[in-house]
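Note sheet for the following structure.
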Amino acid sequence: MMESKIPEGPLADKWNLYKSKAKLVNPANRKKLNVIVVGTGLAGASCAASLAEQGYNVKSFCFQDSPRRAHSVAAQGGVNAAKNYKNDGDSTFRMFYDTIKGGDFRSREANVYRLAECSAALIDHAVAQGVPFAREYAGYLNNRSFGGVQVSRTFYARGQTGQQLLLGAYQALERQAALKKVILYTRHEMLELVVIEGKAKGIIARNLETGILERHAADVVVLASGGYGKVYYLSTLAMGCNSSAIWRAHKKGAFMAGVSWIQFHPTSLPQHGENQSKLTLMSESLRNDGRIWVPKTANDDRNANSIPEEERDYYLERRYPSFGNLAPRDISSRAAKERIDAGHGVGPMKNAIYLDFSDAIKAQGKDTIEAKYSNLFAMYEKITGINAYKEPMLISPSAHFTMGGLWVDYELMTTIPGLFALGEANFADHGANRLGANSLLQACVDGYFIAPYTIPNYLAGELNAPKFDTSHPAFDEAEKAVRRQLDRFLHTNGTLSADYFHKKIGRLLYEKCGLSRNRKNLEEALIGIKELKASFEKDLRITGDNTLNSELEKAGRISDYIELAELMCYDALQREESCGAHFREEYQTPDGEAVRNDEDFCYVSAWEWKENNEEPKLHKEPLVFESVELAVRSYK
């Protein structure tokens, strides 16, 4: 059932070998085949536009009122590519190794090498679309560094890289919509996957403006619906971000992999009160020039500028001198948590650390720092009222990115034939920790360069397969299941809002399956989640009816989150090692570094859904390393 389909041959030749042997569909036959793409972020928009341009009939779905509001728009700092413009020793192999190492050797070599291999073409593609990457005085594209690497390979458009890349993908999508090759369904949410004879053949979608359930059939379904970091409630993700598309697919037979590998971003704004609904990301690029520190004395209430240099602990520079403030995200976030828990936190709630630009301003001048980061500094001042040119920023780790997702093979197909997962919706490229600026890269590479080969390879075998329309009994069954769930939410008649349960599950995960985990907390979490699930089923209160109703939308998403949280805790409990963002307190060195167990856990954990409250079933995909040697991940 789980076959990775990694091509034979040397690592550097695998992707070209695959492309040379992939099956093709005649242009005249492409117009006979239908594709559904759920999600209009970078992965979804690029995939939909690319397949439509090839001649396939594409339906594109998003729950927002415009494809442009997909969460890719929120990415700030940049996108990686191994073009070696700085002549500082970068290469495809170095980028591949940095990514494998950054993920703590818990990802497939072949997938990661392909990501690095395709990166250079993405930059050329984006420039051709008009993406306004930063340039040096002579006009050449500029680069900066991100965490976990010692070269400059990050291309950026000030602090708006995701937005600018998404505009490029959006204009390609809209062009195909104007040509009638893409039909856009905005304000539609996928609530069920339709599987016929073991293959994905369509979806049930709810029109969020009318409440009407719609049936849509296709020859292939692509999920590019993003990650599930919002399960923590307080995260850098937008309020609407959710896991429902991939979770409904999981319950239909698609395996979930690496579920507990959650990245906490080290530079977001700290929580400032109990009524807050999200946290704000501050780009990792700020760590190029900002220095991170806390007072050496615990519970120090002095103003940051009043604390002398000798009384400041630049703990990342102290603990990781080779990488300093650009240590990888998982390491930087854990180090911040350690300092905060030890009483060295700063800010009104003592839950933050300092990101200080005073040395950079002295060395480079305010104008230079302003040219690099002005929009980020302006955003910070607008939110906090603090001028970061004059005093340090307050930052803190927060839930951000999910390395886990639907298990996919080399072709990005799930364990359900005909169901593909792209971008953050899959687990494929990042292992147990994602390097900064690789998220935009994966989304774009999946949609522009990989899916346009692998999906036609699958569709070539579907030309002569039986065709099913929305009158098939499987569509009846799927629609009835969705309607039953919606009716149940509307008629529970409890007293507690959907948001109440979201906050409860988020707090539970932060405390027991967050930046660090241990067996006792995870076992307690599983008990707590079962109790919360029972309460949700009898105490939920949804006002309004089954038409335009945001509370009803939330109920479905939070129901999925509660089940997902349970699987996250099973996954974290089963993996008795520390690797990347998965830090089990029982498995660490005396100085607090992760201890990996390659002998027993060098595999991808893929989980199968079981009905009737049975525990999920674990499947293991062994990870084989032929081009790199397993090594202790050190950034000292």
Side-chain angles (χ1 to χ4, degrees), residues 40-46 67-83 85-86 95 99 115-116 118-136 140-149 151-173 224 226-227 236-238 263 265-268 280-290 326 329 369-380 400-401 423-424 429-430 434-449:
T40 58
L42 278 171
S46 59
R68 283 184 57 186
R69 297 192 69 182
H71 197 61
S72 300
V73 76
Q76 298 170 350
V79 56
N80 288 332
K83 291 181 81 72
Y85 280 177
K86 292 289 187 182
M95 183 175 176
T99 304
L115 180 74
C118 294
S119 65
L122 170 62
I123 301 305
D124 298 337
H125 182 79
V127 169
Q129 288 180 322
V131 174
F133 288 124
R135 294 179 181 268
E136 296 176 338
Y140 293 106
L141 294 179
N142 204 357
N143 296 117
R144 56 190 178 198
S145 294
F146 261 54
V149 304
V151 297
S152 296
R153 67 165 67 104
T154 305
F155 295 77
Y156 62 98
R158 300 186 76 181
Q160 306 169 3
T161 315
Q163 180 182 14
Q164 299 302 324
L165 284 168
L166 187 60
L167 286 172
Y170 170 74
Q171 69 189 9
L173 180 66
T236 63
L237 279 72
Q263 182 171 91
H265 200 290
T267 55
S268 76
T280 302
L281 173 69
M282 298 303 293
S283 170
E284 180 168 320
S285 62
L286 293 169
R287 292 200 277 153
N288 275 274
D289 291 299
L326 283 173
R329 290 179 178 180
I369 299 301
E370 193 169 9
K372 294 179 181 179
Y373 311 115
S374 59
N375 64 315
L376 296 170
F377 276 60
M379 180 174 73
Y380 181 82
H400 176 60
F401 184 91
E424 196 176 349
D429 294 338
H430 307 295
R434 176 176 66 79
L435 292 184
N438 270 353
S439 175
L440 293 179
L441 175 65
Q442 183 206 3
C444 290
V445 164
D446 282 1
Y448 284 126
F449 300 115

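These numbers come from the heavy atoms of this one structure, side chains and all, not from hydrogens, waters or symmetry mates.
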Min side-chain heavy-atom separation [X]-[Y] under 4.5 Å:
| X | Y | value |
| --- | --- | --- |
| Arg329 | His265 | yes |
| Leu165 | Phe155 | no |
| Leu166 | Gln163 | no |
| Leu286 | Thr267 | no |
| Ile369 | Asp289 | yes |
| Lys86 | Asn142 | yes |
| Glu370 | Phe377 | no |
| Ser268 | His400 | no |

Could you report the tightest heavy-atom contact between [X] and [Y], atom names first, then the distance?
| X | Y | result |
| --- | --- | --- |
| Ala126 | Phe133 | CB-CE1, 3.7 Å |
| Ser119 | Ala82 | OG-N, 3.1 Å |
| Lys83 | Ala120 | NZ-O, 3.5 Å |
| Ser283 | Phe146 | OG-CZ, 4.2 Å |
| Asn143 | Arg153 | ND2-C, 3.8 Å |
| Leu173 | Pro67 | CD2-CB, 4.1 Å |

Thr154 and Asn80: side chain donor to acceptor below 3.5 Å: yes
Measure the [atom1]-[atom2] distance between [X] and [Y] for me, rounded to the nearest 0.5 Å.
| X | Y | atom1 | atom2 | value |
| --- | --- | --- | --- | --- |
| Leu326 | Glu284 | CG | CD | 7.0 Å |
| Ser439 | Phe401 | OG | CZ | 4.0 Å |
| Gln76 | Leu281 | CD | CG | 4.0 Å |

Let me see the working for Tyr373 and Asn288 under side chain to side chain contact (heavy atoms under 4.5 Å, CB included), right down to the final yes or no. CA-CA 11 Å; Tyr373 311 115; Asn288 275 274; 3.6 Å; yes
Would the distance check show the side chain of [X] and the main-chain N or O of [Y] forming a donor-acceptor pair, the cut-off being under 3.5 Å?
| X | Y | value |
| --- | --- | --- |
| Ser72 | Leu42 | yes |
| Gln442 | Asp429 | no |
| Ser374 | Ala371 | no |
| Gln171 | Gln129 | yes |

Per the side chain to side chain contact (heavy atoms under 4.5 Å, CB included) rule, which among Tyr448, Tyr170, Phe449 passes with Ser46? Tyr448
Only one of Leu435, Val151, Val149, Asn438 passes side chain to side chain contact (heavy atoms under 4.5 Å, CB included) with Met95, and that residue is Asn438
Around atom CZ of Arg144, are there more than 12 heavy atoms from other residues, nucleotides or ligands closer than 6.0 Å? yes
